[in-house]
Amino acid sequence: MNALQIQLALSGVNCAGCVGKIEKALKGVTGVHEASVNFADKTAMVEGNADSASLVSAVETAGFGAEVIPSDSERQFSIPSIHCASCVSKIESALLKVPGVESASVNLADKTCSVQGQPEAGAILQALENAGYPGTELTPESDIQEKQEQEDKKQYHHLLKHTAIALGLGIPLMIWGVVTGEMSVNTPFQQIAWGGVGLATLLILVFSGKHYFTGMWKALKHGNTNMDTLIAIGTGIAWLYSMVVVLFPHLLPFAARHVYFEASAMIIGLINLGHALELRAKGKTSKAIKRLLGLQVKTARVVRDGQEIDIPTHQVLKGDIVRVRPGEKIAVDGVVTEGSSLVDESMLTGEPLAVKKMPEEEVSAGTLNKNGSLLFRAEKVGSETALAHIIALVKKAQSSKMPIARMADQISSVFVPVVLVIAILAASIWFFFGPAPALAHALVVATTVLIIACPCALGLATPMSVMAGVGKAAELGMLIRKGDSLQQASKLTTIVLDKTGTITEGVPKVTELISTTADTEEERNRILQIAASIESASEHPLADAIVDSAKQQSLSLSPVSDFHAVTGQGVTGSVAEKSVMLGNEKLMAASNIDVSSLASTSESLANQGKTPMYLAVDNQLAGLIAVADPVRKDSKAAIDRLHKLGIKVMMLTGDNKLTAAAVAQQVGIDDFQAEVMPEDKESYVRQLQEHGLKVGMTGDGINDAPALARADVGFAIGSGTDVAIESADITLIRSSLHGLADAVELSRTTLRNIKQNLFGALVYNSLGIPIAAGILYPLTGILLNPVVAGAAMALSSVTVVSNANRLRLFKPTAREA
């Protein structure tokens, strides 16, 4: 059984300590292979064969909430005309007959239907229509994002409101204490006055700080502790002590009759404010996903039964003819059938210039049609489109965890219990060995340690930077499949490049046709016709160049039989009952064919960066064909950028040594290996790794896939094959090697940002706890005020999130023309 990926939306996750507890609970479920929690966006990604109900139950048993986020293989439909239980069975029966449907479940209560499998949305909607229950598809991605934004907005305003309430009492109390110094209870009047203040503070704890106390209670019921535990205990102790002072002042020494109601109110207000600012800053981090979702088109104009009608995009079927007018976005991926226009693809590729689209050329969902009307045939719809694939990759990468995050998780998992112990020890030392009033000092120390030690900043340090970095990468035309590849890219010392389609354009052209018999146009066409016939059965880019050249000369191709591709050498077969071989010197040598008459010509062409191929007919040398694959105009500038980053650049190619040398010299390659078999590429990457190098591999073909998978980081050129893209860690949508330099620069910047966050969070806690415990008291005679601790705690989280957001301003170094 193939492993599945299930994403959960979590609730009740308040600190980094919660992350470890949820991951431990999920990994304990039978069938789970891997589980990763993202504290920044409160989601969990689970891989394995466990059912979703077991995962939700495990999270709830651990004391948290969980809800399954529908995957690409699950579609949700609204069916408003459902009335009774009999409707349910009719609908489910109708849906199960639709090709691709694995299961269908109707919810009578909310009049929705969930369909598992890979059916087309249009087919589902048609089945519902035929059954007499018309419906509409609910788009989970957009719905979840919109729902999350609404909840965040609601929570933001809720926190601001309760911040105002808490600080509305706390600030006047603090000003009163600073101006008058009267915060003690010594008379009956002061008891009454401070008693009223105590009741007002209790109302603030109940209404503005209720979620901290309920969060603590839920955690304790499941044997856990979290950030809420520290805040609730800290503010609760301060309020209880103050009420004891109000009710029983005569039981305490005169110097200890100090109340701390302002601390409780101020701490609740400041932490709420910190969470509100943190929530607002987090919204900016997910800007990339919002931007990508904004590219999705709501409706499409399709041609059906000779008429053009507007339908929701998710109802478009493969094969539908779609009309896109000037100024409209393209709804799905397809191939142009009629018309021509300039299409702005910058939102997907980052390329600023619009691309002219003609019949038989591909168009992508989310791109903008500029000046002409196009008709195109839908080829990929729904979750199959390039845009949907990009959104899925970005979301998955943003939810992934870097290796550097494990350290923070390990620390956070034991942090809260350790802090509780430290607070008790520090308070005990002050109570038994501290100066008078010992009880008051012990209270201040315990409260301050509890408040300042909240590990929020530590938990946010990595995921916030990963979310921002992956989002920025998408804007720059890089798709990162997982977070750890973003970290590994920063350590690369060597980058290995494939030649064809990577350094070069990958669209070669025939430049020379040389015959061994006569230098006439008729003879050259004969050579081209034979070569194109044998290559018509091949999928190699050089084969396409030869076939295209023959078509341009209007040459008819002969049928091929016994075709065989000899990896790294060429092709063989029978054309018009004649044995034909087309390839390099190795292929000829294997059949003892003498190529000496054209060897010098071949060498001269190779020195010019062209690829010469010998043609043999019936085991006799018939001619030579040269094909040139032009170097990309920006390859040299991109390689120069990599050199400036301290990275050695190497090239592996199946081409001959002379051609490889010419290309290497032209673009400034440090070293190269020519005439390399596909399996040798993977072996070569492994050898470099065995010498202690961190290797990045870049390619675009199926033959590059093993090496891409073997490398520390595999980079796939976006115009390459699906296999190469699936084997790679990072996909460069723009098909430019500048994306490599961009990826390395962004990776190093992101890792530096994470280290800044971790350093700040760890230093904050490492220094904050001793200071809160009173280590500076012998030198200064001052204890840290709990209110200051609350402000510092809130500020630390906001600082981490704000620092992560700086990645949105990242710009690669200037590209040379």
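Checking side-chain atoms of Asp618 against main-chain N and O of Ser579 turns up a donor-acceptor pair under 3.5 Å.
Contact annotation: the side chain of Val343 never approaches that of Val324 to less than 4.5 Å [non-hydrogen atoms, C-beta and beyond].
Considering all non-hydrogen atoms of both residues, Phe376 and Val336 come closest at CB-CA, 3.7 Å.
Within a 6.0 Å radius of CD in Gln665, no more than 12 heavy atoms belonging to other residues, nucleotides or ligands are found. Environment of CD in Glu338: sparse, with no more than 12 heavy atoms of neighbouring residues, nucleotides or ligands closer than 6.0 Å. Within a 6.0 Å radius of CD in Glu523, more than 12 heavy atoms belonging to other residues, nucleotides or ligands are found. By the neighbour-count criterion of 12 heavy atoms within 6.0 Å, atom CD of Glu361 is densely surrounded, having more than that number from other residues, nucleotides or ligands.
With 3.5 Å as the limit, one finds no donor-acceptor pair spanning the side chains of Ser485 and Asp729.
By the 4.0 Å N-to-carboxylate-O rule, Arg524 lies too far from Glu521 to be salt-bridged with it. Between Lys644 and Asp640 no salt bridge is recorded (no basic side-chain N to carboxylate O distance below 4.0 Å). Salt-bridge annotation for Arg686 and Glu682: present, with a side-chain N of the basic residue lying under 4.0 Å from a carboxylate O of the acidic one. Between Asp742 and Arg641 there is a salt bridge, with a side-chain nitrogen of the basic residue lying less than 4.0 Å from a carboxylate oxygen of the acidic one.
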